[in-house]
Number of protein chains: 2
Amino acid sequence: MGTYRALTIAGSDSGGGAGIQADLKTFQELDVYGMSVLTALTAQNTLGVQDVLPIPPEFVAKQIDSVLSDIGVDAIKTGMLFNRPIIETVVEKIKQYEIKNLVVDPVMIAKGGAPLLLEEAIAAVRVHLLPIAEVVTPNIPEAEVLTGLTITNVEQMKEAARILHGWGAQHVVVKGGHGGGAEVTDILFDGSAFVEFTGTRIETQHTHGTGCTFAAAIAAGLAARKTVREAVEQAKAFITAAISDTLGIGSGHGPTNHWAYKRRRNLQDMESR
Amino acid sequence: MGTYRALTIAGSDSGGGAGIQADLKTFQELDVYGMSVLTALTAQNTLGVQDVLPIPPEFVAKQIDSVLSDIGVDAIKTGMLFNRPIIETVVEKIKQYEIKNLVVDPVMIAKGGAPLLLEEAIAAVRVHLLPIAEVVTPNIPEAEVLTGLTITNVEQMKEAARILHGWGAQHVVVKGGHGGGAEVTDILFDGSAFVEFTGTRIETQHTHGTGCTFAAAIAAGLAARKTVREAVEQAKAFITAAISDTLGIGSGHGPTNHWAYKRRRNLQDMESR
């Protein structure tokens, strides 16, 4: 039948803009069958995270077994894995089922999570998760926390990418959205060469779920047999459209527009007829 | 901005074919911004439900508060509410926020749930949930359990609809899919007149999540300011396309195709140019 399948292992955002909700919408829009394993639930909206409920690691494992023992996947994306036991559980299962197309969005801890978890969760990402990642997608603050570098320019982003690649990630995307300036540069590193993606910064407060959506779009591309570079390029186009076409949801930092990419493509298709 | 918003309050299906996953896909395809409040998680695939983890009622309430205090909704769909305390919590919150467009899919208990919960959950649906429902969408077994009737023909479906309307649901859809015969008849009752929707039965084992998807499609229609009858008609077309165009996911009872409705419409649009 040729239906590509992608799984997100991440937290739930009740407000629908981030987490597994953003991932499922992205998979759906990119014509990939979406599944989800929950690691934590949040009570959340565009103003913030009001509460978090972690899921027991054993139940995370059971969800993964249910999906992978029957349906199978063409790619997996991990998002908020919340704590060290969940990270270790997910890593063990991904190894057990020999998953190659793993996209790691290194969200190390929920907002409001206990600081004590932070250090050991960072170590678990570095030691266990990065070595099995096909692609890892830190933003600048995440790259700084993981590597210990201070990052203020593209050269330092490249240095961080080299370090993360050295720890085992096959491809590293460092996202420049948190940097300053009128332009945003993301970089992709495959261990030998760098590709830079530069675009105009879009002024908006509606960027909630951007990181989730971008990583999910890469996973959808890999699931559909694209190369990493093709998948990252498509994901850049997807997230640029999603940030540009604001929905106006909520009174705070609103979600991105998951319809925008496909709508733009359909419009282009019609105009080229 | 005019983005319509719908919320599903239901369980999670890790396999992506039912529960909030089916609902979010349906909202997305029908151009309605989707949000979700989780009542229970399942470890589930196309072969069955391997495990269930209920969410504490207090955390269900917190998720609802996060969504409704900031983002708001144009319609809510409820699915698996799992047990009496969760049902009562959801009812209280829906009353508190004065939600009018409530679609109730009366899934009273998870597969594998304790039988003891069943009786009191049925009573809670009847006494608390139906009186605030704009639309309730039982299949034949659910209508039988709720009303105590035995249903083998359309006349008996209508009798059940009258009883459910009498208990307070503004509109009742009894779905005939579980009946026999080469044709399937669903009925819609608004308290005064019946509308029958009859179609050819589609022979397939890939009907997992049909009930969730149908109710979510009705909620999406109501969110987009359709009348109940228009929303039900659109939902019938949506689910018929979703069941017809099999995806071939999993080795058991696979999910329906949430892309099919929009793809068919796009094809018609192109042909009519």
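All heavy atoms count here, side chains included; hydrogens, waters and symmetry mates do not. All chains are named by letter (A, B, ...) in the order of the sequence lines, taking the proteins before the strands, and each is independently numbered beginning at 1.
- The 12-atom threshold is not exceeded at CD of B/Glu98, counting heavy atoms of other residues, nucleotides or ligands nearer than 6.0 Å.
- Heavy-atom pairs under 4.5 Å with chain B were tallied for A/Val37, A/Asp269, A/Val32, A/Asn257; the largest tally goes to A/Val32.
- Between A/Ser66 and B/Gln50, the closest heavy-atom pair is OG-OE1, 2.6 Å.
- The side-chain heavy atoms of A/Leu38 and B/Leu53, taken from C-beta on, include no pair separated by under 4.5 Å.
- Residue contact with chain B, scored on non-hydrogen atoms closer than 4.5 Å, involves the backbone and the side chain of A/Ser36 alike.
- The shortest non-hydrogen separation linking A/Thr42 to B/Phe59 is C-CZ, 3.9 Å.
- Between B/Met35 and A/Gly15, the shortest heavy-atom distance links the atoms CG-O, 3.3 Å.
- Neither the backbone nor the side chain of A/Ile64 comes within contact range of chain B; no heavy atom of the residue lies under 4.5 Å from a heavy atom of that chain.
- By a heavy-atom distance cut of under 4.5 Å, A/Ser69, A/Asp70, A/Ile71 are the residues of residues 69-76 of chain A near chain B, going up by number.
- Contact of A/Leu47 with chain B is made through backbone and side chain together, with heavy-atom distances under 4.5 Å.
- When heavy atoms are compared at a cutoff of 4.5 Å, B/Thr46 approaches chain A by way of both its backbone and its side chain.
- Of the atoms belonging to A/Asp31, heavy atoms from both backbone and side chain fall under 4.5 Å from chain B.
- Both the backbone and the side chain of A/Tyr33 come within less than 4.5 Å of a heavy atom in chain B.
- With rounding to the nearest 0.5 angstrom, the OG1 atom of B/Thr3 is 10.5 Å from the CG atom of A/Asp245.
- How far CD of A/Gln63 is from CG of B/Asp13: 10.0 Å, rounded to the nearest 0.5 Å.
- Screening A/Glu29, A/Gln21, A/Gln28 for a side-chain hydrogen bond (donor to acceptor under 3.5 Å, both in side chains) with B/Gln28, the sole residue that qualifies is A/Glu29.
- Contact count versus chain A (heavy atoms, under 4.5 Å) is highest, among B/Gly254, B/Gly16, B/Gly17, B/Pro56, for B/Gly16.
- To the nearest 0.5 Å, atoms OH (B/Tyr4) and CD1 (A/Ile249) are separated by 12.0 Å.
- Under the ring pair (Phe, Tyr, Trp, His ring centres under 6.0 Å) criterion, the residue pairs touching residues 247-266 of chain B are B/Phe238-B/Tyr261, with sequence neighbours excluded.
- Taking OG1 from B/Thr39 and CG from A/Leu41, the interatomic distance works out to 10.0 Å, rounded to the nearest 0.5 Å.
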